[in-house]
Number of protein chains: 2
Amino acid sequence: MNEHQWLQELLKVNNEEVKLSDKQAKILEAAIEMFAEKGYAATSTSEIAKRAGVAEGTIFRHYKTKKDLLLAIVTPTITKVVAPFLAKEFVKEVFEHQYKSYEDFIRALMKNRFEFVKKHLPLIRIFWQETAFHAEIKEQIQAVFMQNVYEKFKRIIEYFQAKGEIVELPANAIIRMTITTIVGFLLTRFLVLPDGQWDDELEMERTIRFLMDGLAKRD
Amino acid sequence: MNEHQWLQELLKVNNEEVKLSDKQAKILEAAIEMFAEKGYAATSTSEIAKRAGVAEGTIFRHYKTKKDLLLAIVTPTITKVVAPFLAKEFVKEVFEHQYKSYEDFIRALMKNRFEFVKKHLPLIRIFWQETAFHAEIKEQIQAVFMQNVYEKFKRIIEYFQAKGEIVELPANAIIRMTITTIVGFLLTRFLVLPDGQWDDELEMERTIRFLMDGLAKRD
DNA sequence: ATTTGAAGTGAGTAATCACTCATTTATTCA
DNA sequence: TGAATAAATGAGTGATTACTCACTTCAAAT
């Protein structure tokens with residue numbers, strides 16, 4: 001059993017095992033930490049090597065360029081960051097009435113993302129920070145969103161609209177408001193005011209209530 | 001009259017005239033553009049000098065270090081970015097019944113911020129991107145917010161809570177939801193999907209409606 | 001025990017970095 | 001006009017950058 005198991009798990013694509021030598025795992029771990037702390041552009045490969053306890057040349061054995069190293073972190077994790085829906089349960093369960101309301105669905109989505117962000121905060125920082133600078137990353141994220149999230153999300157919304165549970169706005173607007181509200185809470189909680197006193201359960205329920213009242217069917 | 005008038009205006013603190021030589025203005029303009037596009041760490045002073053049409057030494061005549069140049073952009077504009085309330089009238093007008101409802105207040109705030117972001121997008125990008133990497137900037141923003149926005153915002157909320165217009169949640173929670181909703185819209189509109197087809201008036205009204213329904217007094 | 005290919009190393013490289021400073025150019029005012 | 005001051009210059013600095021490569025170490029298979 002591997003001490004870097006969480007990394008192996010995180011980097012899996014389609015649940016296929018990924019093989020990482022011990023040094024390679026240490027490089028990735030160090031890179032994640034430092035890119036999150038100082039940003040990609042301000043982090044040097046020599047610093048990464050030092051923190052990983054590895055010769056600088058070793059980094060370039062595994063990754064042709066520094067940018068390749070960044071993408072080796074970002075690309076295989078995009079799906080896990082932006083498409084929780086692929087944690088299969090989600091969509092299926094909605095239509096199998098696992099969730100009897102949009103609210104229950106939102107609650108599950110929110111708790112799922114809350115735990116993910118809490119567990120992988122440095123990775124989230126990297127996404128948040130580097131998306132602004134690397135067009136490829138932004139494009140990959142949008143592609144994954146369109147392919148794996150958008151249509152399913154839309155169908156869920158239309159399902160609950162048909163049931164008269166939520167307001168008859170365009171699905172795009174509802175998606176935007178839902179994501180904005182959840183992401184806004186998570187960023188405030190973990191990036192803007194991580195040192196505040198948070199009653200997470202309470203604040204999530206308030207946020208869900210706010211979202212549901214904002215999206216409630218109007219008479 | 002100066003062709004860099006917008007810069008002069010933007011950099012004013014307490015409405016006091018700021019004197020910028022022509023070259024100095026060009027340096028600031030170039031720095032704002034490039035920091036916004038590539039990020040502070042990935043932008044070299046030689047590039048800035050080139051774009052500004054100035055010798056590299058000239059930059060360091062005016063700003064001791066590259067970081068000084070960044071702070072010369074950020075520090076004097078913080079108030080304008082995070083404290084629209086200081087466009088003083090705000091609070092006063094609320095209590096003088098300029099705004100007869102929280103909704104009218106939110107609408108004015110939103111339109112005000114919409115125009116500001118639209119007009120100063122590169123500056124907003126710099127704030128958004130560099131706050132993550134420079135603790136001083138984050139601290140300055142929080143200080144300005146606490147000194148100039150927080151208490152006033154809180155009083156406005158309590159005023160409309162007393163009138164029974166909005167829900168009796170802690171002011172902190174209402175502030176968070178309000179800001180999250182407005183900022184979420186503006187970031188989606190101008191940074192995430194700037195190329196989408198937006199009916200800005202319509203989308204703002206939807207967002208206001210969403211926010212007001214989410215914060216409405218509950219029975 | 002020997003072979004072999006992969007993994008790892010670290011000194012070396014050219015390019016670029018932020019920043020300096022002696023000098024030149026422009027501006028101000030007597 | 002000329003002297004004094006300020007603004008601007010660009011070649012030069014040492015440090016650091018991402019990346020290379022000849023070489024060593026390691027692990028597994030024969």
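Lettering follows sequence order; numbering is per chain, from 1. Here the structure is a predicted model, which means the values were calculated and not measured. Just so you know, these numbers use all the heavy atoms, side chains as well, and skip hydrogens, waters and symmetry mates.
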A.B. asks: Quick one, Glu47(A) and Lys38(A) - any side-chain contact, counting heavy atoms below 4.5 Å?
C.D. replies: yes

A.B. asks: Where the side chain of Glu130(B) meets the backbone of Tyr40(B), is there a donor-acceptor pair that is under 3.5 Å apart?
C.D. replies: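 Such a contact is found between Glu130(B) side chain and Tyr40(B) backbone.
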
A.B. asks: Reading DNA chain D in the 5' to 3' direction, which nucleotide is the first one with an atom under 4.0 Å from a heavy atom of chain A, and which is the last?
C.D. replies: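 The protein-touched segment is dT17(D) to dA22(D).
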
A.B. asks: Near DNA chain D, which residues from residues 26-51 of chain B have a heavy atom under 4.0 Å away?
C.D. replies: none

A.B. asks: If a pair satisfies side-chain hydrogen bond (donor to acceptor under 3.5 Å, both in side chains) and one of its residues is in residues 113-126 of chain A, list it, with sequence neighbours excluded.
C.D. replies: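 Found none.
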
A.B. asks: Anything under 30° is parallel, anything over 60° is perpendicular, the rest tilted; go ahead and classify Phe133(A) against Phe133(B).
C.D. replies: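 Aromatic pair Phe133(A)/Phe133(B) classed parallel.
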
A.B. asks: Of all the heavy-atom pairs spanning Ala36(A) and Ile126(A), show the shortest one and how long it is.
C.D. replies: N-CG1, 3.7 Å

A.B. asks: Please list, by residue number, the residues of residues 58-67 of chain B whose heavy atoms come closer than 4.0 Å to an atom of DNA chain D; answer none if no residue qualifies.
C.D. replies: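 Per residue number, the list reads Thr58(B), Arg61(B), His62(B).
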
A.B. asks: Could you tell me whether the side chain of Arg206(A) reaches within less than 4.5 Å of the side chain of Pro170(B), counting heavy atoms only?
C.D. replies: yes

A.B. asks: Please list, in 5' to 3' order, the outermost nucleotides of DNA chain C lying under 4.0 Å from any heavy atom of chain A.
C.D. replies: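 Listed 5' to 3', the contact boundaries are dG8(C) to dG10(C).
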
A.B. asks: Parallel, tilted or perpendicular: which describes the rings of Phe145(A) and Tyr150(A), with under 30° parallel and over 60° perpendicular?
C.D. replies: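 Phe145(A) and Tyr150(A): tilted rings.
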
A.B. asks: Taking the side chain as everything from C-beta on, heavy atoms only, tell me whether Val74(B) gets closer than 4.5 Å to Leu123(B).
C.D. replies: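 Not touching, per the 4.5 Å side-chain cut-off.
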
A.B. asks: Could you give the distance from CG (Leu215(B)) to CG (Leu169(B)), rounded to the nearest 0.5 Å?
C.D. replies: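 Nearest 0.5 Å value for the CG-CG distance: 7.5 Å.
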
A.B. asks: Per the side-chain hydrogen bond (donor to acceptor under 3.5 Å, both in side chains) rule, what does the pair list look like for residues 135-146 of chain B, sequence neighbours excluded?
C.D. replies: Lys67(B)-Glu136(B), Thr75(B)-Gln140(B)

A.B. asks: So, the side chain of Lys50(B) versus the backbone of Glu56(B): is there a donor-acceptor pair under 3.5 Å, distance only?
C.D. replies: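 Not at all, since once roles are kept as given, no pair shorter than 3.5 Å links the two residues.
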
A.B. asks: Assign the ring pair Trp198(A) / Phe185(A) to parallel, tilted or perpendicular, where the plane angle (0 to 90°) is split at 30° and 60°.
C.D. replies: perpendicular

A.B. asks: By the 4.0 Å heavy-atom rule, please label Gln24(A) as base, sugar-phosphate, or nothing.
C.D. replies: nothing

